[in-house]
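Being a predicted model, the structure only gives us computed values, none of them experimental. The sequence lines fix the lettering, A, B, ..., with proteins before strands; numbering per chain opens at 1.
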Protein chains: 2
Amino acid sequence: MSEAKKLINELLVEIFNRILAIEEEALRNAGVSLSMTEIHVLEAVGNVPEPSMTQIAAKLGITVGSLTTSVATLANKGFVVRKRPEDDRRKVLVELTPSAVKTLEIHSAFHAKMIDSIFEDLKVEEDEVLLASLRRVATYFRK
Amino acid sequence: MSEAKKLINELLVEIFNRILAIEEEALRNAGVSLSMTEIHVLEAVGNVPEPSMTQIAAKLGITVGSLTTSVATLANKGFVVRKRPEDDRRKVLVELTPSAVKTLEIHSAFHAKMIDSIFEDLKVEEDEVLLASLRRVATYFRK
DNA sequence: ATATTATTGTTTGAAATTCAAAGCAATGTC
DNA sequence: GACATTGCTTTGAATTTCAAACAATAATAT
């Protein structure tokens, strides 16, 4: 591997290894005491078109059984509410509470700041290069 | 956030969420039945100058107590050996066995392939831009 | 020299996250 | 109506992790 490739590899690994702990600390500093796992569940609830247990679990790549535990504790903590829809009473639809929405906004702000730091000093044309590179990585992982 | 920023954020999150499972599957397909957690321990053992329990745990960002468990199972599986050095018999130095070295080579090959897919179609000057961007992210995380 | 303190690791008990498999209730199909 | 499928929860277990208590060795102070 060339030097540039080695460096990029090392930087990716370093970023990867630290990001979860850093994001969790950022939340703690903002007065949020949820784990990143729980944040991911809330994000999935907010981003899935029909947030049933099956759909949410699929989005997260975990089993529905695992999700049941997680959603139960989030419900106890007051971040989600569960509803049985009348048209199909097998399903459980999960909704975010105002607390959860506020928490996700804090988390999004962190991400926005992070992305801004990447773009700092980058020219517009260079943005395109970075975007193309990331697309390539994402494509590589999808196959 | 601009469109490009949003996209980059989404791509980073997607890559991040999938990479561990994908790397673990790649190893399984190559006949290696170690978790990514265990692979990271082996990598740390190989990359730390003096691989004592304390140094390895610091590199990994976990407690020495956690590492004790992990190294014990890796020793049972034949991937590391532990030695008490004569000059300071409090320490435990961890060494990789040939099996471990072989396993890490398989893992490195995956990483190399991944990096190559990023570089595909990228011109040399563009490599520099990507590198600079990643450096910025890493710097952002360090502080 | 001996006593005290610091360093290095292990053990213990507990929490979080996850899975597979079994079980239950509601819905769909024959 | 009987049987199969779907959607979810429960159960039992494995992995990974921590904090705190413990043990051994080394360094420092008296």
Side-chain angles (χ1 to χ4, degrees), chain A residues 17-18 20-21 23-25 27-28 32-45 48-77 79-95, chain B residues 17-18 20-21 23-25 27-28 32-45 48-77 79-95:
Chain A
N17 286 338
R18 290 165 180 268
L20 264 192
E23 289 197 328
E24 196 159 331
E25 198 197 330
L27 282 167
R28 231 188 355 266
V32 177
S33 58
L34 291 179
S35 67
M36 282 310 298
T37 305
E38 291 174 311
I39 294 290
H40 287 151
V41 173
L42 296 182
E43 282 182 322
V45 171
V48 161
E50 193 209 30
S52 67
M53 295 298 285
T54 300
Q55 297 303 314
I56 299 164
K59 178 82 178 182
L60 289 168
I62 62 176
T63 62
V64 183
S66 301
L67 185 62
T68 296
T69 319
S70 186
V71 167
T73 69
L74 283 171
N76 282 336
K77 293 180 181 175
F79 287 91
V80 297
V81 290
R82 285 181 280 191
K83 287 180 185 162
R84 291 263 178 194
E86 279 308 316
D87 61 306
D88 187 345
R89 301 188 40 73
R90 290 171 303 181
K91 291 184 183 171
V92 168
L93 293 185
V94 185
E95 283 175 21
Chain B
N17 286 339
R18 290 164 181 267
L20 264 194
E23 290 198 329
E24 195 159 331
E25 198 197 329
L27 281 168
R28 229 187 355 265
V32 176
S33 58
L34 292 178
S35 67
M36 281 311 295
T37 305
E38 291 174 312
I39 294 290
H40 287 151
V41 173
L42 296 182
E43 282 183 322
V45 170
V48 160
E50 193 209 31
S52 68
M53 295 300 285
T54 299
Q55 297 303 314
I56 299 164
K59 178 82 178 183
L60 289 168
I62 63 177
T63 63
V64 182
S66 301
L67 186 62
T68 296
T69 319
S70 185
V71 167
T73 68
L74 282 171
N76 281 337
K77 291 180 182 175
F79 288 90
V80 296
V81 291
R82 288 182 279 191
K83 288 180 186 163
R84 291 265 177 192
E86 278 308 315
D87 62 306
D88 186 345
R89 300 190 41 74
R90 290 172 302 182
K91 291 184 182 171
V92 168
L93 293 184
V94 185
E95 283 175 23

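- In this structure, CG of A:Leu67 is placed 13 Å from C1' of C:dC19, rounded to the nearest angstrom.
- Distances shorter than 4.0 Å separate some side-chain N or O of B:Thr54 from OP1 or OP2 on C:dG9.
- The salt bridge (Lys or Arg N to Asp or Glu O under 4.0 Å) test applied to B:Arg28 returns no partner, not counting sequence neighbours.
- For B:Glu95 and B:Arg82, the salt-bridge test fails: no basic side-chain N is under 4.0 Å from an acidic carboxylate O.
- Residue B:Arg90 places a side-chain atom within donor-acceptor reach of the base of C:dT7, judged by atom type and a 3.5 Å distance cut-off alone.
- The heavy-atom pair separating B:Val80 from B:Val71 by the smallest distance is CG2-O, 3.9 Å.
- Remark: A:Thr68 is in phosphate contact with D:dT9, judged by side-chain N or O atoms under 4.0 Å from OP1 or OP2.
- Closest to the side chain of A:Thr69, from the set D:dT17, C:dT18, D:dA26, is C:dT18.
- Comparing D:dA26, C:dC19, D:dC8 against the side chain of B:Asp88 picks out D:dA26 as the nearest.
- When the nucleotides D:dC18, C:dT27, C:dT10 are ranked by their closest atom to the side chain of A:Arg89, C:dT27 comes out on top.
- Contact between the side-chain N/O atoms of A:Thr63 and the OP1/OP2 oxygens of C:dC19 is found at a separation under 4.0 Å.
- As judged by a 4.0 angstrom heavy-atom cut-off over every strand, A:Val92 is placed among residues touching the sugar-phosphate backbone only.
- Taking every heavy atom of residues 34-41 of chain A and every atom of DNA chain C, pairs under 4.0 Å involve A:Ser35, A:Thr37, by number.
- Between B:Arg84 and A:Val64, the residue anchored nearer the 5' end of DNA chain C, judged by the nucleotide with its closest heavy atom, is B:Arg84.
- For B:Met53, the side-chain atoms get nearest to C:dT10 when compared with the rest of C:dT18, C:dT10, D:dG7.
- Nearest heavy atoms, A:Ile56 versus A:Val48: CA-CG2, 4.4 Å.
- If you check every strand for non-hydrogen atoms under 4.0 Å, B:Ser52 touches sugar and phosphate atoms only.
- For the pair A:Arg82 and D:dT9, the criterion of a side-chain N or O lying under 4.0 Å from OP1 or OP2 is met.
- The existence of a salt bridge linking B:Lys77 and B:Glu38 is confirmed by a sub-4.0 Å separation between a basic side-chain nitrogen and an acidic carboxylate oxygen.
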